[in-house]
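These numbers come from a predicted model, not from an experiment.
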Amino acid sequence: MKISSWQLLLILFLSRLFTTITFFSLDSFSAAILLPFCISVFVEAVLFIPAILLYRKYPDENLLISAFKTAKPFGTVLTVIYGVFLSFLVFKTLRFFLYFFSSAFGDLIPIVLVGVLLLIAAAFIAHLGIQAAARSASVVFAFFVAMLVIVLFATAPDFEAENYYTVPLSTSSLWQGISDGVSRSDEVVVLVLIMPYLRDKICKAVYGFSGAKLIVIEGIITCCMLLLGGYMSASPFSFFTMCKYANTAFIERLDAVYLFVWTCMGAIKLSLYSIALKPLYENVVTDKSKLLCLSCLPFIIGGIPALIFSCKSQMIIPFLDIHVTFYAILLLGFLLPLVVYFLRRCKREKN
């Protein structure tokens, strides 16, 4: 099963959009965050280079398959490392969604039940494969664009230039903003694992994704500032607050639409963490029942602890969610793929 570069672009875009807007609660908002975010996008563009090199040289292999062809013990070690990290990303993503849900819709439905249903939906998409995820992403993207247009149309008359404010940007806050942005870019790691599913130009997908993300997210942040002003610092989820503020003649509660779109985005994003390991599984496992069990492992290892954390008051772990993730993405998304690329080239030339 293969997908086009446009489909990959949409999958990556929705994945990052979900993460960024869900993480709004951790940010101190002002125009000052726009510059660190912009720089982090250019840093991510550099981090994508090893994936592009691997794809151009070995389009039918992902990082783990290339590692196994270099040396079996090396491939085994990397499989364990990437499997653990993908399980951690399930743990992190599910916790943030449940944190958002409990903050915005705490009395609507039991939080653990929401997490279980989201994991089941993600596991079903992962079972269907990358094409199902791509088709789902196309539909969800259309819903998101429609929601965004409605929100902007309903709130634009209340935008005020006076609400756009700045704060001094120090070197430490600039670095913190860049590291925060990169720590949310787990797509860098996912890409090196799902490359065998791509059937055409990878650069168009990767850098189209970077450009779309930069324009849309900075546009959303700017619109939130123009509408909410200083209230953004007190609002746990600024874009959600903006959706609640918007009223139209035919949709009175846009927060319900927001919940639907964000839940679908979350299911697609979570499914990627299982789909990312399937190219390797399909090369070493032929039994379908075993393949299904292996595909569910990230949801079990990462999902159950996330459901346990949803019952606690402290659902966010800044040290793990930002600092550890930042260095893990640098290692697993850039350094190790670069090492595998050069080792694979040396092995091939030696043969």
(request) Report the residues that fulfil side-chain contact (heavy atoms from CB on, under 4.5 Å) with S87, sequence neighbours left out, ordered by chain and then residue number. (result) P298, I301

(request) Give a yes or no on whether the ring-centroid distance for Y258 and F239 is below 6.0 angstrom. (result) yes

(message) Could you check whether any side-chain heavy atom of L47 comes within less than 4.5 Å of a side-chain heavy atom of S185, counting everything from C-beta outward?
(response) no

(message) My understanding is that only residues two or more places apart in sequence, or in another chain, count here; which of them pass ring-ring contact (aromatic ring centres under 6.0 Å, His included) with Y327?
(response) none

(request) State which residues pass side-chain contact (heavy atoms from CB on, under 4.5 Å) with Q176; sequence neighbours excluded, sorted by chain then number. (result) S179, D180, I322, H323

(request) Go through the steps for F48 and F334 under the test side chain to side chain contact (heavy atoms under 4.5 Å, CB included), then give the verdict. (result) CA-CA 7 Å; F48 280 124; F334 181 78; over 6 Å; no

(request) Look at atom OH of Y207 and say whether more than 12 heavy atoms of other residues, nucleotides or ligands are closer to it than 6.0 Å. (result) yes

(message) For R95, is there any backbone N or O sitting under 3.5 Å from a side-chain donor or acceptor partner on S310?
(response) no

(request) Determine which pairs satisfy salt bridge (charged side-chain N to carboxylate O under 4.0 Å, His left out) with at least one residue from residues 139-158, sequence neighbours left out, and list them in order. (result) none

(request) Please collect all salt bridge (charged side-chain N to carboxylate O under 4.0 Å, His left out) contacts where either partner lies in residues 203-217, sequence neighbours excluded, each pair once. (result) E44-K213

(message) Between K2 and D60 (salt bridge meaning N to carboxylate O under 4.0 Å), is one present in this structure?
(response) yes

(message) Please enumerate all residues that pass side-chain contact (heavy atoms from CB on, under 4.5 Å) together with V84, with sequence neighbours excluded.
(response) V80

(message) Taking the ring of F91 and the ring of F309, is the distance between their centroids below 6.0 Å?
(response) yes

(request) Determine whether the aromatic ring centres of F68 and F74 lie less than 6.0 Å apart. (result) no

(request) Tell me, please, which residues at least two apart from S15 pass side chain to side chain donor-acceptor pair (under 3.5 Å). (result) E187, K269

(request) Go through the steps to decide whether W175 and F326 satisfy the test ring pair (Phe, Tyr, Trp, His ring centres under 6.0 Å), and finish with yes or no. (result) CA-CA 12 Å; W175 168 249; F326 170 72; 5.6 Å; yes

(request) Each residue besides L128 in its hydrophobic cluster should be listed here, by chain and number; the cluster joins Ile, Leu, Val, Met, Phe, Trp and Tyr at side-chain heavy-atom distances under 4.5 Å. (result) F124

(message) Donor-acceptor check, side chain of K72 to backbone of A67, threshold 3.5 angstrom: yes or no?
(response) no

(request) Under the side-chain contact (heavy atoms from CB on, under 4.5 Å) rule, collect the residues that match up with E160, sequence neighbours excluded. (result) E162, N163

(request) Look at the side chain of S274 and the backbone N and O of S295, then say whether any donor-acceptor pair between them is shorter than 3.5 Å. (result) yes

(message) Y197: which residues meet the ring-ring contact (aromatic ring centres under 6.0 Å, His included) condition with it, sequence neighbours left out?
(response) none

(message) When you measure from the side chain of T93 to the backbone of V90, do you find a donor-acceptor pair of N or O atoms at a distance under 3.5 Å?
(response) no

(message) Under a 3.5 Å distance rule, please check whether Q7 uses its side chain to pair with a backbone N or O of S4 as donor and acceptor.
(response) yes

(message) Is the positively charged end of R16 above the ring of F209, judged by distance under 6.0 angstrom from the centroid and angle within 45° of the axis?
(response) no

(message) F144: which residues meet the ring-ring contact (aromatic ring centres under 6.0 Å, His included) condition with it, sequence neighbours left out?
(response) none

(message) The criterion is ring-ring contact (aromatic ring centres under 6.0 Å, His included); which residues satisfy it with F85, sequence neighbours excluded?
(response) none

(message) Determine whether a donor-acceptor pair (N or O, by modelled atom type, separation under 3.5 Å) exists between the side chain of Y273 and the backbone of F88.
(response) no

